[in-house]
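Right, one structure below, let's go through it.
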Amino acid sequence: MVVSAIKGMSDIYSPEVEVWREIEEKARQLFLRFGFREIRTPVVEKAELFARSIGEDTDIVQKEMYTFPDRKGALLTLRPEATASIVRAIIQHRLHNIPTMGKFFTIGPMFRYERPQKGRYRQFHQIDAEVIGFEDPVVDAEAMYLAMLFLEETGLRNIELRINSLGCSLCRPPYKKRLVEYLKNYETSFCKDCARRLNSNPLRVFDCKVPGCREIVSGAPKVTDSLCEHCRQHFEKVCFYLDEVKCGYKHDRNLVRGLDYYNRTAFEIVAGGLGAQNAVGGGGRYDGLFAELGGPDIPAVGFAIGMERLMILLKAEVKKERVKRPDIYFIALNEEAREKFFGLAQNLRKRGLYVELGYELRSLKSQMRRANKFGSSHVIIVGESELEKKTAILRNMDTKEQSELPLDNNTEQVLIEKLSKENE
RNA sequence: GUGGGUGUAGCUCAACAGGUUAGAGCACUGGGUUGUGGCCCCAGAGGCUGUGGGUUCGAGUCCCAUCACUCACCCCA
């Protein structure tokens, strides 16, 4: 019986992995221009961190976390998202006291124990960004702008930004009360899940896709209409700044999010082609989280982008050839020939060339075929007659030109010069 | 956690209604050129048909179970 990977967790290899690297690199470059610094936190944390941040009554905490005791019985959790860990790290190292350190990003794996399907995996990767310390709506807008800009720069088209305001600790509780009052009138008509949500987390009925529930919800009071003056102005300002940079968005009054820590601004970036998992990214403001986790009371905004989902949307990109072609492919026709150029090959690599070696002493024809499969631009052949003359054959695979070069202490230099000359 | 679909060579897929030795393309190896790639030609290698039971004279094919993958519900990136 062969051992296979864990369900819902995949190996990432060529040619996809080259695209991953490109995208990650693009993210780093862009985020740096926006003043973000990278932060890398452990993938395991104490279980309570997530229960306290994401919310006891969310699906993530209730049934989707990888939680297990370590050897001494401490409950650990594989992080289901990045925000909680980053906030924890900021509080722990007092990073909020450093004026130039207000923006953080991280790229890495997250874990949720769910039934895998298209765009949803048990180990998945997020590009995550957090801006801390600012309450001003300009920050919300900039975060969304950055998320959209990044996705566009990867080549994505036809994505939609959906935004909403969830209110704050002042206006949400009274709103919640009104909502529950309204919903109670239809208590018997809800689906099983919504009936439960009614008591546990009433805002989430807005997420329900059951037609009956949707209908009831369409008549329900909306958060947006119940915002306090402060939140209303905040939301308007967010919209203003988005307009200012011509960042299109749709005000989705039914948008709520699955993590409890969000307040005011919440957003999602949706795309077709992902099946049921239509969000490539999402985020929002979480002003209360720092205090909730025992830190100073500082506001923050953040978002995450799903790598796997982005990859699905960018699938066509994978077909492009991204693997470099070798500058030189060495072919030895016998052991003695190989002994002669092994050192040379390593030195050329040190000097920056991509060099491949034929590791098997097979027929010239078969080694040539192999060199060709790699797309090598040059081949160096050494066999018996070359050994006698102390030379090597250099063949340009594109032009088929061949020349002899002396095999001595100077070969390395001669080769480098020759190749760089050709590239002019 | 619930439901549907699919499991045959490394990959993509065939195999009439249950019937001889499970095939093809691509990929792989060797040869066609004593030591020169791509195209072409020839040959070769590669399979416990996911696994375990059952029905049958006979199972890749039918039945049951199980596992894996996949899609959807739920939830979210």
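In what follows, every chain begins at residue 1, and chains take the letters A, B, ... in the order their sequences are listed.
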Notebook entry, point to check: When all nucleic acid strands are considered with a 4.0 Å heavy-atom cut-off, which category describes A:Gln402: base, sugar-phosphate, or nothing?
Noted result: base

Note to self: Among B:A68, B:C73, B:G32, which nucleotide has an atom closest to any side-chain atom of A:Lys365?
What the structure shows: B:G32

Checklist line | Rounded distance in Å between the P positions of B:U21 and B:C73 | finding: 47 Å

Margin query: Heavy atoms from C-beta onward define the side chain here; which of B:G35, B:C74, B:G37 lies closest to that of A:Met368?
Written below: B:G37

Check: Across the strands shown, which category fits A:Glu386 at heavy-atom distances under 4.0 angstrom: base, sugar-phosphate, nothing?
Finding: base

Next item on the list: Indicate, with a heavy-atom threshold strictly under 4.0 Å, whether A:Glu384 touches base, sugar-phosphate, or nothing.
Entry: base

Item checked: A:Leu333, nearest nucleotide to its side chain (from B:G37, B:A27, B:G35) -> B:G35

Item checked: Nearest-0.5 Å distance, CG of residue A:Leu387 to CD of residue A:Glu339 -> 9.5 Å

Next item on the list: Output yes when a side-chain donor or acceptor of A:Ser363 lies under 3.5 Å from a complementary backbone atom of A:Ser366, and no otherwise.
Entry: yes

Check: Of the nucleotides B:G37, B:A77, B:G35, which one has an atom closest to the side chain of A:Leu364?
Finding: B:G35

Next item on the list: Please work out if A:Ala371 contacts a base, only the sugar-phosphate, or nothing of the nucleic acid, heavy-atom cut-off 4.0 Å.
Entry: nothing

Margin query: Over all strands shown, is A:Ile393 touching base, sugar-phosphate only, or nothing at heavy-atom distances under 4.0 angstrom?
Written below: base

Next item on the list: For A:Ile381, report the nucleic acid contact type (base, sugar-phosphate, nothing); a contact means any heavy atom under 4.0 Å.
Entry: base

Note to self: Give me the distance, rounded to whole Å, that separates B:G31 from B:G37 when you measure between the C1' atoms they each carry.
What the structure shows: 16 Å

Notebook entry, point to check: Heavy atoms under 4.0 Å, any strand shown: does A:Ser376 hit a base, just sugar-phosphate, or nothing?
Noted result: nothing

Margin query: Taking only the P atom of each, what is the distance from B:C13 to B:U29 in whole angstrom?
Written below: 24 Å

Item checked: B:A15 versus B:G23 - spacing of their P atoms, nearest Å -> 14 Å

Check: Of the candidate nucleotides B:U36, B:C73, B:G30, which contains the atom at the shortest distance from the side chain of A:Arg369?
Finding: B:G30

Note to self: Any base atoms under 4.0 Å from A:Ser366, or only sugar-phosphate, or nothing? Heavy atoms, all strands.
What the structure shows: sugar-phosphate

Notebook entry, point to check: Could you state the interatomic distance from CZ (A:Phe31) to CZ (A:Phe36), rounded to the nearest 0.5 Å?
Noted result: 6.5 Å

Next item on the list: Output yes when A:Glu268 and A:Arg257 qualify as a salt bridge under the 4.0 Å nitrogen-oxygen rule, no when they do not.
Entry: yes

Check: When we call it a touch if two heavy atoms are under 4.0 Å apart, what does A:Arg370 touch: a base, just sugar-phosphate, or nothing?
Finding: nothing

Next item on the list: Let me know, please, whether A:Asp398 or A:Ile60 comes out on the 5' side of the other along RNA chain B by nearest nucleotide.
Entry: A:Asp398

Item checked: Which nucleotide in B:G3, B:U36, B:A77 has an atom nearest any side-chain atom of A:Arg115 -> B:G3

Check: B:G7 and B:G18: how far apart are their P atoms, nearest whole angstrom?
Finding: 16 Å

Notebook entry, point to check: Any sub-3.5 Å donor-acceptor pair from A:Arg309's side-chain atoms to A:Gly119's backbone N or O?
Noted result: yes

Note to self: Distance check, P atoms only: B:A77 and B:C40, in whole angstrom units.
What the structure shows: 50 Å

Note to self: Has A:Arg395 got a side-chain atom pairing as donor or acceptor with A:Gln402's backbone, closer than 3.5 angstrom?
What the structure shows: no

Margin query: Once you apply a heavy-atom cut-off of 4.0 Å, does A:Lys400 come out as touching a base, just sugar-phosphate, or nothing?
Written below: base

Next item on the list: Using the P atom as the reference point in each nucleotide, state the distance between B:G47 and B:A22 in Å, no decimals.
Entry: 12 Å

Next item on the list: Look at all strands and tell whether A:Lys118 reaches a base, only sugar-phosphate, or nothing, counting heavy atoms closer than 4.0 Å.
Entry: sugar-phosphate

